[in-house]
Protein chains: 2
Amino acid sequence: MRLAQLSERSGVPAATIKYYLREQLMPPGRRITATQAEYGDDHLRRLRLVRALIQVGKMPVATARQVLAAVEDESLDQNMRLGAAVRALPHGPEPDEDDPATVIARQEVGLLMERLGWSECRDVGDSSPAWRTLVAAVAALARLGYPCDAGHLAPYARSAAQLAVADLDLVEEFTTPLEQVEAAVALTVLYEPVLLSLRRLAEAEESNRRFGAGG
Amino acid sequence: MRLAQLSERSGVPAATIKYYLREQLMPPGRRITATQAEYGDDHLRRLRLVRALIQVGKMPVATARQVLAAVEDESLDQNMRLGAAVRALPHGPEPDEDDPATVIARQEVGLLMERLGWSECRDVGDSSPAWRTLVAAVAALARLGYPCDAGHLAPYARSAAQLAVADLDLVEEFTTPLEQVEAAVALTVLYEPVLLSLRRLAEAEESNRRFGAGG
């Protein structure tokens, strides 16, 4: 298809597609004349991922480019490629190493991984951005005196493990390795607000059950 | 205790406490002389909540004030007070009513609530900010052509229901109704980054299990 058609089928304005091409967020089309190029379904799919990262995930172009570089890195096996792509996504705040609460948090996170038998994560440890975000978030709880020991974190981790099964089931609905990595990245970003809003709705249900007038 | 002690015990600088007092994010101390006031454990607790909202949750002062007004509203029963306080928290984007994907999303969210028997949420529906955020998030998935029907959303909702049980168990560790509402608000905010980072770590475990070299 031509650029105009790609724009029509994706709903993305032609000028925006040209910008993504210039920024190398998408591979160029197959050149057919000096001024025209041909685009395929892989371009349509990539456009969808770029929109997920930039428009929904509010990611800077440079970050999106790093994520896409990991997505495309065929030198890695599927597990490492998935890991590299998700690690390139933006993360929460870094732990404050001058804060004594960070020491407590790092200990509890380590204990939690031990208890759950998350050996992959334990091995990677602090070099994983998600691990560091978790340490920073647990440190914030510790600093403010809210419950945040491994025992209190465990039910959250067990729910997260179930979520990961749902995530990877979704990913495996896609066929080729490239499509799977693209989907893993997009769905990690796009399902975060789904999850947070479902949690608040579920809290309302549970609160009504426990404290409601009919309860 | 005096302001200096409140600052020492909370780790919040005295100038910041004075600012919170001026902005009416905390009730004034009990005046003992023309220039000095006495503060209690309730001030210490409130300070912790204000820090959770403003420093960790990055909330504007005006939003934090609204949340606190709901926390303090004793005219409501415990369930309504919890609901009002969580609804006053910042939420994700609003649905775009001009987008056909929003129509699909609203339908799937309604179907999901029906299937799960979340009758409290279904009754409140679109007037709940978490519901509207969910509709907007599902619409983003629909617009980009990613799976987002009630069937695909159901495992996420079931995990959210388990998270809500963990959340309310935590809340019920606190004694008085006021402490419980304060904790519910703080923990809703503070556990979001915990949850999102645990999900990414669990994804790495699950990906290693499915695609890893040893798998």
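Labels below follow one simple rule: chain letters A, B, ... track the order of the sequence lines, proteins then strands, and each chain is numbered from 1. A quick note: this is a predicted structure, and the numbers were derived from the prediction, not measured.
Heavy atoms of A:Leu201 lying under 4.5 Å from chain B belong to its backbone as well as its side chain. Interface residue A:Leu187: backbone and side-chain heavy atoms are both found under 4.5 Å from chain B. At a 4.5 Å heavy-atom cutoff, the contact between A:Tyr191 and chain B is made by backbone and side-chain atoms alike.
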**Message:** For a side chain to side chain contact (heavy atoms under 4.5 Å, CB included) check, start with the C-alpha distance between A:Asn208 and B:Trp118, then their side-chain angles and the critical distance, and finish with the verdict.
**Reply:** CA-CA 10 Å; A:Asn208 186 51; B:Trp118 291 11; over 6 Å; no

Verdict with supporting geometry, A:Arg209 and B:Glu120, side chain to side chain contact (heavy atoms under 4.5 Å, CB included)
CA-CA 9 Å; A:Arg209 199 165 296 130; B:Glu120 177 70 9; over 6 Å; no

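For chain B, the option among A:Leu89, A:Val12, A:Val138, A:Val171 with the highest count of heavy-atom pairs below 4.5 Å is A:Leu89. For the set A:Leu47, A:Leu170, A:Leu163, A:Thr188, the entry with the most heavy-atom pairs within less than 4.5 Å of chain B is A:Thr188. Between chain A and the options B:Leu116, B:Val109, B:Leu198, B:Val165, heavy-atom pairs under 4.5 Å are most frequent for B:Leu198. Each of A:Arg143, A:Glu173, A:Gln180 has some count of heavy-atom pairs under 4.5 Å with chain B, and the biggest count is that of A:Glu173. Of the listed residues B:Ser207, B:Ala137, B:Pro193, the one with more heavy-atom pairs under 4.5 angstrom with chain A than any other is B:Ser207. Of the listed residues B:Arg200, B:Glu206, B:Glu192, the one with more heavy-atom pairs under 4.5 angstrom with chain A than any other is B:Arg200. Chain B forms the most heavy-atom pairs under 4.5 Å with one residue out of A:Arg45, A:Arg87, A:His91, A:Gln55, and that residue is A:His91. Note on B:Pro155, B:Gly11, B:Ala166: by heavy-atom pairs under 4.5 Å with chain A, the leading option is B:Ala166. Interface summary for chain B: among A:Pro147, A:Ala183, A:Ala154, the most heavy-atom pairs under 4.5 angstrom belong to A:Pro147. Considering only heavy-atom pairs separated by less than 4.5 Å from chain B, the leading option among A:Val194, A:Leu168, A:Val135, A:Leu49 is A:Leu168.
Between A:Ala160 and B:Ala202, the shortest heavy-atom contact is O-CB, 3.5 Å. Of all heavy-atom pairs between A:Ala140 and B:Val56, the closest is CB-CG2, 4.1 Å. Taking every heavy atom of both residues into account, B:Cys121 and A:Glu205 meet most closely at N-OE2, 2.7 Å.
Residues of residues 123-134 of chain B lying within less than 4.5 angstrom of chain A, judged on heavy atoms, are B:Ser128, B:Ala130, B:Trp131, B:Thr133, B:Leu134 in numerical order. Residues of residues 69-82 of chain B placed with any heavy atom under 4.5 Å of a heavy atom in chain A are listed by number as B:Gln78, B:Asn79, B:Leu82.
Using a 4.0 Å cut-off between charged side-chain N and carboxylate O, B:Arg210 and A:Asp169 make a salt bridge.
Under a cut-off of 6.0 angstrom, the local environment of CD in A:Glu172 is crowded, with over 12 non-hydrogen atoms contributed by other residues, nucleotides or ligands.
Between A:Leu190 atom CG and B:Cys148 atom SG the span is 10.0 Å, to the nearest 0.5 Å.
Between the side chain of B:Arg51 and the main chain of A:Leu144, no donor-acceptor pair closer than 3.5 Å is present.
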